[in-house]
Amino acid sequence: MIEKSLKELSQALAAKKISSVELTQLYLDRISRFNPQLNAFITVNGDKSLAAARAADQRIARGEAGPLTGIPVAQKDIFCAEGWLTTCGSKMLSNFVSPYDATVIERMERGAGLVSLGKTNMDEFAMGSSNETSFYGPVRNPWDPERVPGGSSGGSAAAVAARLAPVASGTDTGGSIRQPASLCNLTGLKPTYGVVSRYGMIAFASSLDQAGPMARSAEDCALLLNTMAGFDERDSTSLDRPSEDYTRDLERPLEGLRIGLPKEFFGDGCDPEVMAAVRAAIAEYEKLGARTVEVSLPNSHLSVAAYYVIAPAEASSNLSRFDGVRYGYRAPEYTDLADMYSKTRAQGFGAEVKRRILIGAYVLSHGYYDAYYLQAQRIRRLIADDFAAAFKECDVILGPTSPGTAFKLGEKAADPVQMYLSDIYTIAVNLAGLPGMSLPCGFAGSLPVGLQLIGNYFAEARLLNVAHRYQQATDWHRRAPAGLE
Amino acid sequence: MAQWEVVIGIETHAQLSTASKIFSGAAIAFGAAPNTQACAVDLALPGVLPVLNRGAVECAIRFGLAVGAEVAPKSVFARKNYFYPDLPKGYQISQFELPVVVGGGVVIQVGQGDKAYQKAIRLTRAHLEEDAGKSLHEDFHGKTGIDLNRAGTPLLEIVSEPDMRSSDEAVAYARALHSLVRWIGICDGNMQEGSFRCDANVSVRRLGDEKLGTRREIKNLNSFRFLKEAIDYEVRWQIETLEDGGTIQQATVLFDPDSGETRTMRTKEDAHDYRYFPDPDLLPLVISGEWVERVKAGLPELPAQKRERFTADLGLSDYDATTLTANQETAAYYEAAVAAAGKPNAKTCANWVMVDLAARLNKEGRDLADSPVSAQQLAGLVVRIADGTISNAIGKKVFEALWNGEGVSADEIIEKQGLKQITDSSAIEPLVDQVLAANAQNVAEFRAGKEKAFNALVGQVMKAAKGKANPQQVNELLRKKLQG
C-alpha cells in the first residue's frame with residue numbers, strides 16, 4: 001500500500017478496497033514507529049486526522065469524492081491550519097494554535113478532502129538548507145540517519161521518503177522544496193511565483209516564497225498541485241488565470257524537446273558523481289527524442305549574493321510581528337517595553353534567524369539601501385533577463401539540483417556561506433519567479449542525486465510532462481530507503 | 001519679531017470614509033468595544049496578507065482631482081518599519097518614493113474684510129497609508145492595553161510645501177483642506193475623533209535669508225485652536241532661543257493644550273531609521289486614465305469652480321465668493337437663497353448670509369445646518385427689501401422675527417406686525433413738520449452748516465414713524481422743508 005501512487009490509492013478508495021480511516025491509521029502507525037528516529041513531524045494528532053478520514057469516507061460513500069479525497073498528506077508546519085499548533089519550526093510560535101486555515105490547507109483539506117497526518121518539521125521560519133535550524137531539532141535523512149534531509153522542507157521530504165506520508169506540501173524560497181527532494185530521492189515542484197496562494201503561509205521572503213508539492217513521482221506532484229494552485233483574492237500577488245489541469249500533458253512525447261544546458265551549471269563546484277548522474281539523465285532524454293542546446297545564464301554567479309540581500313531584507317520586516325505582544329512566545333521576565341522586545345526576540349529566535357534579521361535590517365538601513373538592496377534588485381532583473389534569453393533557445397533548462405548529495409549533520413552548520421552555497425543552482429529560479437522541479441536521477445554511492453528542470457513562466461504542465469516521461473523510462477524515483485519496512 | 005520670518009509646512013492625516021479598512025475587510029466604527037473591529041489581518045497573525053481597498057484609492061483620486069494634482073498612473077506601497085505595541089506588523093504600510101497624488105494646491109483666504117488676502121498654497125504630495133491601533137494606559141495597573149480597532153483604518157496623508165508664513169495662514173490652510181475633504185466626501189472631518197489631524201513643521205529665519213531655519217515638527221494637532229496656539233508658542237520659543245544665541249535642534253515635539261507649551265518628544269539623534277522598502281505583498285498601484293475620468297464625472301462642483309461661477313455669473317467680489325465657498329453647507333445655503341430671490345439679488349443675499357446670518361449663528365454657537373432661518377425665508381426677506389416693501393433696518397427686525405419663529409415667512413411677519421414701509425408722502429409730511437417744530441436747535445445747527453444735525457433730524461422722523469417710513473423720502477422731504 002505504501003508504494004502506491006496517488007492514482008492507485010484513489011482507485012483503491014473508490015473501489016472500497018481500503019477506507020480512508022484504514023489508510024490514515026496505517027500512516028499514523030508508521031509515524032509512531034519511525035518518527036522518533038527521523039523527527040520528521042513536529043505535531044501529529046491522530047484524533048484530528050482520523051476525524052478528517054471519517055469525513056472523507058462519508059464523502060466517498062455519498063459519491064462526492066474528488067480524485068484525492070481520503071488520501072493522507074503531511075503539511076509543512078509553515079502553513080496555518082485551524083486548530084493545529086503552527087510553529088514554523090520556531091520557539092517563537094511554539095505555543096501558537098492557528099485560528100484559521102491557509103488557503104493551501106483550505107483547498108487541500110476542506111476542498112479536495114485530503115487528510116492531514118500532521119505538521120512537518122522545517123528549518124526555523126524556513127531559513128536553512130539542512131533542517132538543523134529547527135527549534136524542534138534536526139530531521140534525519142531516511143537514506144542515512146547521520147545525514148541531513150536538506151531544507152527547509154526537510155520534514156516533508158523525510159516523511160514522504162520514509163513512506164510516513166504518500167505526499168506532502170512544501171515551500172520554496174531559494175530551493176526549499178527542490179534541494180530536500182534531491183537529497184531524499186523525491187520529486188518536488190516549485191511553481192511559478194503567484195500560482196499558489198501565499199495566504200496563511202508564514203512569510204519568510206514574500207517576493208520569493210512559493211508553495212508546491214513533494215511526492216514520489218511527477219504524476220503525484222501534478223495531482224497535488226491541482227488542489228493547491230489557483231487564484232486567491234486574499235493574496236494580492238496571486239495570479240488571476242484560468243485554472244489548469246497539471247496532469248493534462250503528462251503523456252506528451254518528448255520528440256523535438258529542446259533541453260537547455262546552462263554552461264554555468266556544468267562547471268566547477270559540483271560533485272563529480274552528481275555530475276555523472278546528471279549526464280546520464282541527459283543521455284536518457286536524448287534517447288527519448290529530446291535534443292540539447294548549450295545556453296548561458298551569465299549572471300547566475302551573482303544569484304546567491306543577491307538572494308542573501310533580498311531574502312533577509314524582506315524577512316527582517318516580515319518577522320517584526322513576532323514581538324511578544326499579541327501571540328506566540330514572550331520572555332517571562334522583563335523590565336520595560338524595550339526589554340520585553342529584546343528578551344522575547346533574543347530567546348524566541350534561533351541563531352540563523354537572528355543572523356538574517358540583522359543582515360536584512362542592515363541592507364535596508366539608511367545609507368546602505370542603494371548599495372545593497374537596490375543593487376540586488378538590479379541583479380534580480382538581470383537574472384530574469386538571462387532566463388528569458390535562454391528560453392528563446394530551449395523549452396526547458398536542465399542541470400543538477402544541488403552541487404552535492406546529503407551532507408552529514410553538523411558538517412556545514414558552522415559555516416553559513418558553505419550552507420548557502422548548497423542552493424547555488426536553485427536560487428536563481430526563485431529570483432526570476434520561474435517554475436522549477438527536482439526529480440531523482442541516480443545515486444552517488446548510496447545517496448540520491450536530484451536533477452533540476454526549470455521551465456518558462458506557467459510551464460508547470462510541461463515540466464511535469466518532461467519529468468513524467470523520464471520516470472516512465474527509469475526507476476530511480478521508485479527506490480526506497482532501507483530499514484523502514 | 002519684525003526681522004524674523006516664520007516658515008510653516010503642514011502634514012495632514014485625513015481618515016477616509018470607507019466602509020472597511022484599507023487592507024482588510026474589517027469594518028470601521030468609532031467607539032466600538034476594543035478589538036471588535038479587527039480581523040486576522042489587522043491583528044497581523046502569522047501568514048496573513050494585505051489586499052488593497054479600492055474605495056480608499058478612489059478617495060485619493062477624488063482628492064487629487066480636487067486639488068489639481070497629478071494622479072500617479074503608478075504608485076508603490078512601502079513598509080515603514082518600527083516597533084510599537086499598537087503597530088501589529090512591526091511596520092506600517094504607507095507610500096514613500098512613489099505617492100498616489102503628486103503636486104496640486106489650494107487657495108486660502110486669510111483675515112477678514114479689508115485686511116483679507118488670498119494665497120495659493122502648494123501641495124507636495126498626498127499618499128495612502130494605514131493607521132495604527134491605540135495604546136490604552138489607563139485602566140490597566142502598570143500595564144498597557146492595546147485596542148486594534150483603528151489599526152488598518154485608511155488615511156490620506158496630505159503634505160504641503162512650506163508656503164505658510166504665519167499661524168493665521170496655517171489655520172486658514174487647515175480649514176480650507178478640512179472643508180475640501182468633506183466637500184468631496186472623502187473624510188467626515190471629525191477632529192475630536194481624530195478623523196482629521198495636523199502636524200506642523202515650523203521654522204524661523206531672519207528676513208532675507210535664503211536658507212530655511214531648522215524645523216521642529218509639532219505632532220497631532222486635532223483642533224484649529226491648538227494648531228494656532230502651538231505654532232504661536234513654537235515661533236516665540238524659537239525666536240527667543242535664537243536671539244539668546246542658542247540654536248534649534250531638529251526635533252519632534254508635542255503640544256500640551258493645558259500649559260500652552262510644546263515639549264520635545266525626540267530629537268534627530270534618536271530619530272528612527274524606518275528602513276523603507278517596497279512592500280512585496282502588494283503590487284504597484286496602477287490607476288488608469290479611464291478610472292480617473294470615471295471618478296471625475298462623479299465629483300461635485302468644486303469650491304474653485306463655484307468661486308469662479310460666483311464672480312463671473314453673480315458678480316460677487318473675490319472675497320465674497322471665497323467666503324461663501326469656504327464650505328459646502330454655506331455654498332449650498334447661499335445658492336438656495338439666490339435661486340429663490342433671483343440673480344439680481346445675489347449680492348444682497350451674499351451680504352445677508354455673510355454678515356447678519358453669520359453673526360447670529362456665531363452668537364448662538366450654532367451651525368448653518370440648524371439655522372432657524374431657512375434659505376427660502378431669507379430670500380423672501382431680501383426680495384421685500386429689494387422691492388421697497390420694507391427698509392433695510394426693518395429687514396433686520398423681520399430677520400429677528402423669523403429667527404424667533406414669529407412667522408413662517410417675511411411676508412407674514414410684515415403683514416402681521418404692520419411693518420410695511422410708508423411711501424405715501426402725505427403720511428410722512430406731518431411727521432416731518434412735527435419733528436422740525438420740536439427740534440429747533442437741530443434746525444439752527446443745520447442751517448449753521450452742521451450736516452450732523454441733519455442726520456439727527458432724519459433719525460427723529462424715523463423714530464416717529466416707528467422705522468417704517470421710506471428713508472429716502474424722509475431725506476428728500478426734510479431737505480425740501482429746511483431749504484424752503
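Lettering of chains follows the sequences in order, A, B, ..., and the numbering in each one begins at 1. The shown structure was predicted, so the numbers you read here are calculated from the model rather than taken from an experiment.
- Under the rule for a salt bridge (Lys or Arg N to Asp or Glu O under 4.0 Å), the partners of R216(B) that lie at least two apart in sequence or sit in another chain are E234(B).
- Only the side chain of F322(A) comes within contact range of chain B, judged by heavy atoms closer than 4.5 Å.
- Within the 4.5 Å cutoff, side-chain heavy atoms of L93(A) are placed close to those of F125(A).
- Ranked by non-hydrogen atom pairs under 4.5 Å with chain B, the options L364(A), V363(A), L319(A) are led by L364(A).
- Contacts with chain A were tallied for L43(B), L282(B), L49(B); L49(B) has the most, counting heavy-atom pairs under 4.5 Å.
- Legend: residues meeting side chain to side chain contact (heavy atoms under 4.5 Å, CB included) with E11(B), ordered by chain and number and at least two apart, are E157(B), V159(B), D199(B), N201(B), E217(B).
- Every side chain to side chain contact (heavy atoms under 4.5 Å, CB included) that T247(B) has, sequence neighbours left out, goes to Q249(B).
- Residue with the most contacts toward chain A among G90(B), A40(B), A44(B), G25(B): A44(B) (heavy-atom pairs, distance under 4.5 Å).
- Looking at heavy atoms from C-beta onward, T262(B) lies out of side-chain contact with L254(B) at the 4.5 angstrom threshold.
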Write out the donor-acceptor pairs between chain B and chain A under 3.5 angstrom, atom names and distance to 0.1.
unit_1: L43(B); atom_1: O; unit_2: R326(A); atom_2: NE; d: 2.8
unit_1: A44(B); atom_1: O; unit_2: Y327(A); atom_2: OH; d: 2.5
unit_1: L45(B); atom_1: O; unit_2: R321(A); atom_2: NH1; d: 3.0
unit_1: P46(B); atom_1: O; unit_2: Y100(A); atom_2: OH; d: 2.6
unit_1: G47(B); atom_1: O; unit_2: G200(A); atom_2: N; d: 2.7
unit_1: V48(B); atom_1: N; unit_2: Y100(A); atom_2: OH; d: 3.4
unit_1: P50(B); atom_1: O; unit_2: S236(A); atom_2: OG; d: 2.9
unit_1: R79(B); atom_1: NH1; unit_2: S317(A); atom_2: OG; d: 2.9
unit_1: R79(B); atom_1: NH1; unit_2: N318(A); atom_2: OD1; d: 2.8
unit_1: R79(B); atom_1: NH2; unit_2: N318(A); atom_2: OD1; d: 3.0
unit_1: N81(B); atom_1: OD1; unit_2: S317(A); atom_2: OG; d: 2.8
unit_1: Y84(B); atom_1: N; unit_2: Y341(A); atom_2: OH; d: 3.4
unit_1: P88(B); atom_1: O; unit_2: R326(A); atom_2: NH1; d: 3.4
unit_1: P88(B); atom_1: O; unit_2: R326(A); atom_2: NH2; d: 2.7
unit_1: K89(B); atom_1: O; unit_2: R321(A); atom_2: N; d: 3.3
unit_1: Y91(B); atom_1: OH; unit_2: R321(A); atom_2: NH2; d: 3.3
unit_1: D273(B); atom_1: OD2; unit_2: H366(A); atom_2: N; d: 2.7
unit_1: D281(B); atom_1: OD1; unit_2: R198(A); atom_2: NH1; d: 3.2
unit_1: D281(B); atom_1: OD1; unit_2: R198(A); atom_2: NH2; d: 3.1
unit_1: D281(B); atom_1: OD1; unit_2: S206(A); atom_2: OG; d: 3.3

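- Of the residues considered (L283(B), I146(B), L45(B)), L45(B) shows the highest number of contacts with chain A, using heavy-atom pairs under 4.5 Å.
- In this structure, chain B has a heavy atom under 4.5 Å from the backbone of A313(A), while its side chain stays farther away.
- Donor-acceptor pairing under 3.5 Å is recorded for the side chains of E161(B) and T124(B).
- Counting only heavy atoms from C-beta outward, the side chains of I186(B) and S17(B) never approach each other to under 4.5 Å.
- Interface remark: L337(A) contributes side-chain atoms only to the contact with chain B (heavy atom separation under 4.5 Å).
- Side chain of Q95(B) to backbone of V100(B): a donor-acceptor contact under 3.5 angstrom is found.
- Around atom CZ of R150(B), more than 12 heavy atoms belonging to other residues, nucleotides or ligands sit under 6.0 Å away.
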